[in-house]
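A, B, ... follow the sequence lines: proteins, then strands. Residue 1 opens every chain.
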Amino acid sequence: MSEKKDKKKIYKPKPISGFPEWLPEYRAVELQWLDKIRAVFESYGFCSIETPAVEELEVIAAKGEDVDKEIYVLDRLQADEDNKKDARLALHFDQTVPLARYVAQHFDGLTFPFKRYQMQKVWRGERPQMGRMREFLQCDIDVINVDHLPIHFDAEVAAICYEALASLDIGRVQLRVSNRKILLGLLEALNIEDTIKVTSFIDKLEKIGRDEVERVLNEDVGLETDQISQILDLVTSKDLAAIDAKNDTMKEGVEELSFVMKQLETLPADAAIADLTIVRGLDYYTGTVYETQLLDVPEFTGSVCSGGRYDDLAGSYINKHLPGVGISIGFSRLFDVLRQNGKIEAGPSSPAKVLVVLPAEDQREAMNSVAQTLRKNGINTETAHGGKLKKQIAYAEKKGIPYVWFPADGQVKDMASGEQSDADPESWKP
RNA sequence: GCGGUCGUAGCUCAGUCGGUAGAGCACCUGGUUGUGGUCCAGGACGUCGCGGGUUCAAGUCCCGUCGAUCGCCCCA
């Protein structure tokens, strides 16, 4: 069995930063969670699609250098001599871009409004840190329509994500909802052009504080005190009805947000709040935007679930106007942060409910027969692989298999209580 | 890309003023014949991240390098 002393040369693998993997007992929980999320998505009629890990680099197309450097490209170790042109394929870094491409390519085969969910890995070449990985799973839902997408979908996707998160039993979840038109409308009215800079500083409001934001808006963006106070008063205002709309954009934003919030009133109290400090870094969001916090997990400062509305999803891939709205649950970050903070109880390391043991070789046939009967009745069942009986039972114990079956005696032992009783495999239930 | 911290058994770590490695957990075997979790006894497991330097002697000191980790930047 064991090779003698001649030392085998082994390469000791190093952990790969940002590419997490779990032991079976946590993977079991992860699968349960994914099943719950999927069930909620499907209960609203969202269909599933899966797109390839890679897209053409042209499709993923960089929007700037910061983005570029996070994209992983795909290449063969030994590319052919005459094939040494630039990388053509890249791993997708989100599921929105692949969705856009998918909708454009399959336009004639889809029924609109197209409502789909997608739960896949994405890859980003970032420096990993707490809750931040280079390979991670996202659960996205989006609704895409041709020409016009009714505003009620903005409320629906948010409500669905809330329900999905709530089904995981991870404490209080709070959606924070805003509408970019409100702030952008004000900036327009104030003749402020550098909207990206302003929104990115507003985004940091909670993190660096009001004083600091005032300072950078003044020193880095060059805004005047009056402009700054108008902006900050707006984003910190709590009452939508009290907002003084300075132009149509602002007015539209306030109306949309009010409608969405009204729709979300069916959720539990505080499950969804309007918060104008939410603006999102992304520039392609044009209306409603969302972020989500776990109120009972203070260690988790980031957003677990965010998204928004975009006017024209696939405009660069097809000559159609396709507005959409979507949210993405950052599944891996959610799971990892909760796990690291001891908020996830490990599951069993085996899906089996029963281990049928083999006390003696002449019982093999009986063992297999009992196991087949149990499986036919939908009970996950493992058969023992031999060895001493005490080893077999210890095996069940270690793997968290709750019942051990003795085929010759027709008895089943409850591992938790230690009790053993007669049972018929045809009718027995765990 | 920048900064802090850290690399010793599968895991978590100890290793005193430099004298060529230890614990716990996990793993394997046994404590008699067909019953787990406890306990007891025994066993296996290390190029002390890698390379160089100082020294009679380096896990320990110096330099470099790689990796990990936390944070910053950024975050579709």
Side-chain angles (χ1 to χ4, degrees), chain A residues 1-5 7-20 23 55 59-71 90-100 122-134 136 138 140 142 196 199-200 203-204 207-208 279-285 289 291 299 301-303 306-308 310 313 324 326-328 330 333 340 349 355-363 367 384 386-409 411-420:
Chain A
M1 194 116 177
S2 59
E3 291 101 300
K4 284 291 165 207
K5 288 269 164 90
K7 349 176 183 161
K8 216 169 12 166
K9 263 221 167 121
I10 55 170
Y11 172 76
K12 216 168 160 183
K14 299 177 179 108
I16 306 174
S17 178
F19 289 77
L23 289 173
E55 293 287 343
V59 169
I60 286 209
K63 294 169 185 164
E65 278 177 31
D66 282 343
V67 174
D68 272 5
K69 67 183 182 191
E70 291 192 358
I71 296 176
L91 294 171
H92 56 240
F93 55 81
D94 72 357
Q95 292 178 137
T96 306
V97 169
L99 171 66
V122 303
W123 295 268
R124 294 183 195 177
E126 310 190 81
R127 268 315 220 298
Q129 42 190 282
M130 169 74 118
R132 207 160 158 198
M133 289 142 269
R134 300 201 286 198
F136 56 99
Q138 289 194 170
D140 282 33
D142 289 82
I196 294 182
T199 54
S200 72
D203 206 35
K204 289 189 170 61
K207 192 170 181 179
I208 63 179
V279 289
R280 306 250 67 217
L282 272 311
D283 218 31
Y284 67 57
Y285 290 123
V289 284
E291 285 192 5
E299 301 88 344
T301 51
S303 172
S306 35
Y310 28 85
L313 176 69
I327 305 198
S328 172
R333 109 182 321 199
Q340 283 191 46
S349 53
L355 174 73
V356 185
V357 290
L358 182 65
E361 184 54 37
D362 62 8
Q363 293 178 30
M367 171 184 77
K388 293 195 171 181
L389 186 58
K390 66 189 304 184
K391 292 280 169 205
Q392 298 180 28
I393 292 169
Y395 172 80
E397 210 282 317
K398 276 196 295 187
K399 285 190 88 171
I401 301 175
Y403 298 95
V404 169
W405 200 290
F406 297 86
D409 314 349
Q411 287 205 317
V412 65
K413 178 189 179 80
D414 181 332
M415 292 295 283
S417 66
E419 278 167 33
Q420 202 165 317

Margin query: Using side-chain heavy atoms (C-beta onward) and a distance below 4.5 Å, is A:Asp203 in contact with A:Glu291?
Written below: yes
Check: To the nearest angstrom, how far is A:Ile71 atom CD1 from B:C74 atom C1'?
Finding: 14 Å
Next item on the list: Find the distance A:Lys204:NZ to B:C73:C1' and express it as a whole number of Å.
Entry: 9 Å
Item checked: Rounded P spacing from B:G15 to B:G51 in Å -> 25 Å
Note to self: Need one value for A:Lys388: base, sugar-phosphate or nothing, where a base atom within 4.0 Å counts as base even if backbone is also close, heavy atoms only.
What the structure shows: sugar-phosphate
Next item on the list: Kindly say whether, by distance alone, the side chain of A:Gln129 makes a donor-acceptor pair under 3.5 Å with the base of B:U69?
Entry: no
Checklist line | C1' gap between B:G59 and B:U20, integer Å | finding: 10 Å
Checklist line | B:C28 pairs with, by Watson-Crick or G-U criteria that keep both distances under 3.5 Å | finding: B:G42
Checklist line | Touch class at under 4.0 angstrom, heavy-atom based, for A:Gln95 against every strand present | finding: nothing
Margin query: Measuring only between side-chain heavy atoms, which start at C-beta, is A:Met133 closer than 4.5 Å to A:Phe19?
Written below: no
Item checked: Candidate pair A:Leu358 and A:Gln392, rule side-chain contact (heavy atoms from CB on, under 4.5 Å), full reasoning -> CA-CA 8 Å; A:Leu358 182 65; A:Gln392 298 180 28; 4.1 Å; yes
Margin query: Please name the nucleotide paired to B:G18 by Watson-Crick or G-U wobble geometry with both distances under 3.5 Å, or report none.
Written below: none
Notebook entry, point to check: What heavy-atom pair brings A:Lys398 and A:Ser349 nearest, and what distance separates the two atoms?
Noted result: O-OG, 3.7 Å
Item checked: Nucleotide paired to B:A23 in any strand shown, Watson-Crick or G-U, under 3.5 Å -> B:U12
Check: According to a strict under-4.0 Å criterion, is A:Ser17 in side-chain N/O contact with OP1 or OP2 of B:G67?
Finding: no
Margin query: Taking B:U5 as the reference, what is the distance to B:C75 when you measure between their P atoms (whole Å, please)?
Written below: 28 Å
Next item on the list: Supply the atom-to-atom distance A:Glu397 CD to A:Lys391 NZ, rounded to the nearest 0.5 angstrom.
Entry: 13.0 Å
Notebook entry, point to check: Are side-chain heavy atoms of A:Phe406 and A:Lys413 found at a separation under 4.5 Å?
Noted result: yes
Notebook entry, point to check: Would you say the side chain of A:Arg134 lies within less than 4.5 Å of the side chain of A:Trp123, judging by non-hydrogen atoms?
Noted result: no
Margin query: How many whole angstroms separate atom CE of A:Met133 from atom P of B:U69?
Written below: 11 Å
Notebook entry, point to check: Say you draw a straight line from CD1 of A:Ile401 to CE of A:Met415; how long is it, rounded to the nearest 0.5 Å?
Noted result: 8.5 Å
Next item on the list: Provide the distance between the two C1' atoms, one in B:G46 and one in B:U12, to the nearest whole Å.
Entry: 16 Å
Notebook entry, point to check: B:G3 pairs with which nucleotide, Watson-Crick or G-U wobble, both distances below 3.5 Å?
Noted result: B:C70
Item checked: Atom P, compared across B:U54 and B:C63: separation rounded to whole Å -> 15 Å
Check: Touch check for A:Ala416, heavy atoms < 4.0 angstrom, all strands: base, sugar-phosphate only, or nothing?
Finding: base
Next item on the list: In whole angstrom, give me the gap between the P atoms of B:A23 and B:G42.
Entry: 12 Å
Checklist line | Rounded interatomic separation in angstrom, taking CH2 from A:Trp405 and C1' from B:G34 | finding: 18 Å
Note to self: Just the rounded figure in Å: distance from C1' of B:U69 to CD1 of A:Ile16.
What the structure shows: 16 Å
Notebook entry, point to check: When the nearest nucleotide of RNA chain B is assigned to A:Asp94 and to A:Met415 on a heavy-atom basis, which residue is associated with the more 5' position?
Noted result: A:Met415
Item checked: Nearest-angstrom distance from the residue atom NZ of A:Lys413 to P of B:G36 -> 7 Å
Next item on the list: Can you tell me, in whole Å, how much space there is between the C1' of B:A26 and that of B:C66?
Entry: 29 Å
Margin query: Please give the distance between the C1' atoms of B:C45 and B:U8 as a whole number of Å.
Written below: 14 Å
Next item on the list: Spell out yes or no: do the side chain of A:Arg132 and the base of B:C74 have one donor N/O and one acceptor N/O closer than 3.5 Å?
Entry: yes
Check: Which base, if any, makes a Watson-Crick or G-U wobble pair with B:U35, both distances under 3.5 Å?
Finding: none
Item checked: Pairing nucleotide - B:U55, Watson-Crick or G-U, each distance under 3.5 Å -> none
Next item on the list: Round to a whole Å and report the spacing from NZ of A:Lys390 to P of B:G30.
Entry: 8 Å
Note to self: Rounded at 0.5 Å granularity, tell me how far CD in A:Glu361 sits from CE in A:Met367.
What the structure shows: 8.0 Å
Notebook entry, point to check: Taking CD from A:Glu70 and P from B:C74, how many angstroms apart are they, rounded to a whole number?
Noted result: 11 Å
Checklist line | Short side-chain N/O contact to B:G71 OP1/OP2 from A:Lys207, under 4.0 Å | finding: no
Note to self: Using a 4.0 Å cut-off on heavy atoms, which residues in residues 391-400 of chain A reach RNA chain B? List them by number, or say none.
What the structure shows: A:Lys391, A:Ile393, A:Ala394, A:Glu397, A:Lys398
